[in-house]
Visitor: 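One structure, pasted below without further comment.
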Amino acid sequence: QVQLVESGGGLVQSGGSLRLSCAASGRTFSSYAMGWFRQAPGKEREFVAAISWIGGSTYYTDSVKGRATISRDNGKNTVYLQMNSLKPEDTAVYYCAAAPRAFGSSLQTVSLYTHWGQGTQVTVSS
């Protein structure tokens with residue numbers, strides 16, 4: 001079982017940066033692919049970025065490519081999402097999620113993930 005706790009959200013001006021963190025409990029963190037999703041008011045939850053459980057392959061939605069970097073530290077049971085050049089349209093609740101032994105483009109699929117955090121709010125002002 002994996003429990004996930006996000007942190008690092010907040011209010012930032014357009015063009016600013018944030019680093020989101022997701023701390024995982026449990027001894028099997030390294031066997032999970034990790035993803036970041038976001039959900040804006042009135043919209044469906046959407047994929048942002050993911051990192052595979054082995055090999056460290058990363059995947060991004062087109063709207064954040066070049067502005068976001070996902071990374072993981074298996075020694076700290078933590079996954080990060082560095083977001084730069086933030087835009088008002090990045091405003092959403094950001095969720096961390098874990099998918100057991102997953103890799104590939106399927107990491108963009110919400111239903112692949114078995115564990116979710118509670119979310120952290122990111123608000124970008126114009």
Side-chain angles (χ1 to χ4, degrees):
Q1 191 76 357
V2 176
Q3 292 185 322
L4 306 173
V5 179
E6 302 96 335
S7 61
L11 174 65
V12 63
Q13 289 189 332
S14 181
S17 298
L18 281 175
R19 188 175 81 156
L20 306 182
S21 299
C22 174
S25 64
R27 296 176 291 178
T28 59
F29 175 76
S30 61
S31 65
Y32 286 82
M34 300 300 296
W36 285 96
F37 292 77
R38 65 187 179 187
Q39 188 166 18
K43 295 188 177 181
E44 291 188 354
R45 191 167 299 190
E46 66 171 358
F47 170 77
V48 178
I51 186 166
S52 63
W53 77 280
I54 192 168
S57 297
T58 57
Y59 306 86
Y60 299 93
T61 191
D62 286 346
S63 64
V64 306
K65 282 181 181 176
R67 300 190 297 121
T69 303
I70 186 171
S71 61
R72 65 189 299 162
D73 184 337
N74 289 340
K76 295 183 178 180
N77 280 13
T78 302
V79 62
Y80 305 98
L81 182 67
Q82 176 70 42
M83 295 279 293
N84 301 321
S85 302
L86 283 160
K87 305 175 182 180
E89 51 264 44
D90 293 318
T91 295
V93 177
Y94 282 70
Y95 296 91
C96 169
R101 301 185 182 275
F103 59 92
S105 59
S106 63
L107 287 173
Q108 301 181 43
T109 306
V110 171
S111 60
L112 191 69
Y113 293 81
T114 55
H115 299 80
W116 292 83
Q118 294 300 307
T120 185
Q121 176 71 47
V122 171
T123 302
V124 184
S125 63
S126 56

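Heavy-atom basis, side chains included; hydrogens, waters and symmetry copies ignored. If you're wondering where the values come from, they're calculated on a predicted model, not measured in any experiment. Position 1 is the first residue of the sequence; numbering continues from there.
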Visitor: May I ask you to test the Leu4-Met34 pair for a side-chain heavy-atom distance under 4.5 Å?
Guide: yes
Visitor: Rounded to the nearest 0.5 Å, what separation is found between the CD atom of Gln118 and the OG atom of Ser7?
Guide: 13.5 Å
Visitor: Using a 6.0 Å cut-off, check whether atom CD of Glu46 has over 12 heavy atoms from anything other than its own residue.
Guide: yes
Visitor: Charged N to carboxylate O under 4.0 angstrom, Lys87 versus Asp90?
Guide: no
Visitor: Quick one: does Gln108's side chain have a donor or acceptor within less than 3.5 Å of a partner on Phe47's backbone?
Guide: no
Visitor: Is there a donor-acceptor contact under 3.5 Å from the side chain of Thr91 to the main chain of Val124?
Guide: yes
Visitor: Any donor-acceptor pair under 3.5 Å linking the side chain of Glu6 with the backbone of Gly119?
Guide: yes
Visitor: Enter the distance from Asn77:CG to Ser30:OG here, rounded to the nearest 0.5 Å.
Guide: 8.0 Å
Visitor: Can a donor-acceptor pair be found, under 3.5 Å and without considering hydrogens, that links the side chain of Arg72 to the backbone of Ser52?
Guide: yes
Visitor: Counting only N and O atoms by type, is there a donor-acceptor contact under 3.5 Å from the side chain of Tyr60 to the main-chain atoms of Ile70?
Guide: yes
Visitor: Do you know which two heavy atoms are closest between Pro88 and Ser14, and how far apart they sit?
Guide: CD-OG, 3.8 Å
Visitor: If we ignore hydrogens and angles and just use 3.5 Å, is the side chain of Asn74 paired with the main-chain N or O of Phe29 as donor and acceptor?
Guide: no
Visitor: Before giving the answer on side-chain contact (heavy atoms from CB on, under 4.5 Å), spell out for Trp36 and Cys96 the whole-Å C-alpha distance, their side-chain angles and the decisive distance to 0.1 Å.
Guide: CA-CA 5 Å; Trp36 285 96; Cys96 169; 4.0 Å; yes
Visitor: I need the single residue from Tyr113, Tyr94, Tyr95 that forms a ring-ring contact (aromatic ring centres under 6.0 Å, His included) with Phe37. Which is it?
Guide: Tyr113
Visitor: Grouping I, L, V, M, F, W and Y whenever their side-chain heavy atoms are under 4.5 Å apart, do Phe103 and Ile54 come out in a common cluster?
Guide: yes
Visitor: Between atom CZ of Arg38 and atom OG1 of Thr61, what is the distance when rounded to the nearest 0.5 Å?
Guide: 7.0 Å
Visitor: Evaluate the criterion side-chain contact (heavy atoms from CB on, under 4.5 Å) for residue pair Val64 and Met83; output intermediate values, then yes/no.
Guide: CA-CA 8 Å; Val64 306; Met83 295 279 293; 4.2 Å; yes
Visitor: Show the nearest heavy-atom pair for residues Ala23 and Thr78, with the distance to one decimal.
Guide: CA-OG1, 4.2 Å
Visitor: Does Tyr80 share a hydrophobic cluster with Val48, counting links as ILVMFWY side-chain heavy atoms below 4.5 Å and allowing steps through other members?
Guide: no
Visitor: Same cluster for Leu107 and Trp116 if Ile/Leu/Val/Met/Phe/Trp/Tyr side chains link at under 4.5 Å?
Guide: yes
Visitor: Going from CD on Gln39 to CD on Gln121, what distance comes out if it is rounded to the nearest 0.5 angstrom?
Guide: 11.0 Å
Visitor: Please report the shortest heavy-atom distance between Thr114 and Pro100, naming the atom on each side.
Guide: OG1-CD, 3.4 Å
Visitor: Report yes or no: do Val79 and Val2 belong to one cluster of Ile/Leu/Val/Met/Phe/Trp/Tyr joined by side chain heavy-atom distances under 4.5 Å?
Guide: yes
Visitor: Tell me, with the steps shown, if His115 and Gln3 meet side-chain contact (heavy atoms from CB on, under 4.5 Å).
Guide: CA-CA 7 Å; His115 299 80; Gln3 292 185 322; over 6 Å; no
Visitor: Out of curiosity, does Val110 fall in the hydrophobic cluster containing Tyr59 (side-chain heavy atoms, cut-off under 4.5 Å, transitive links)?
Guide: yes
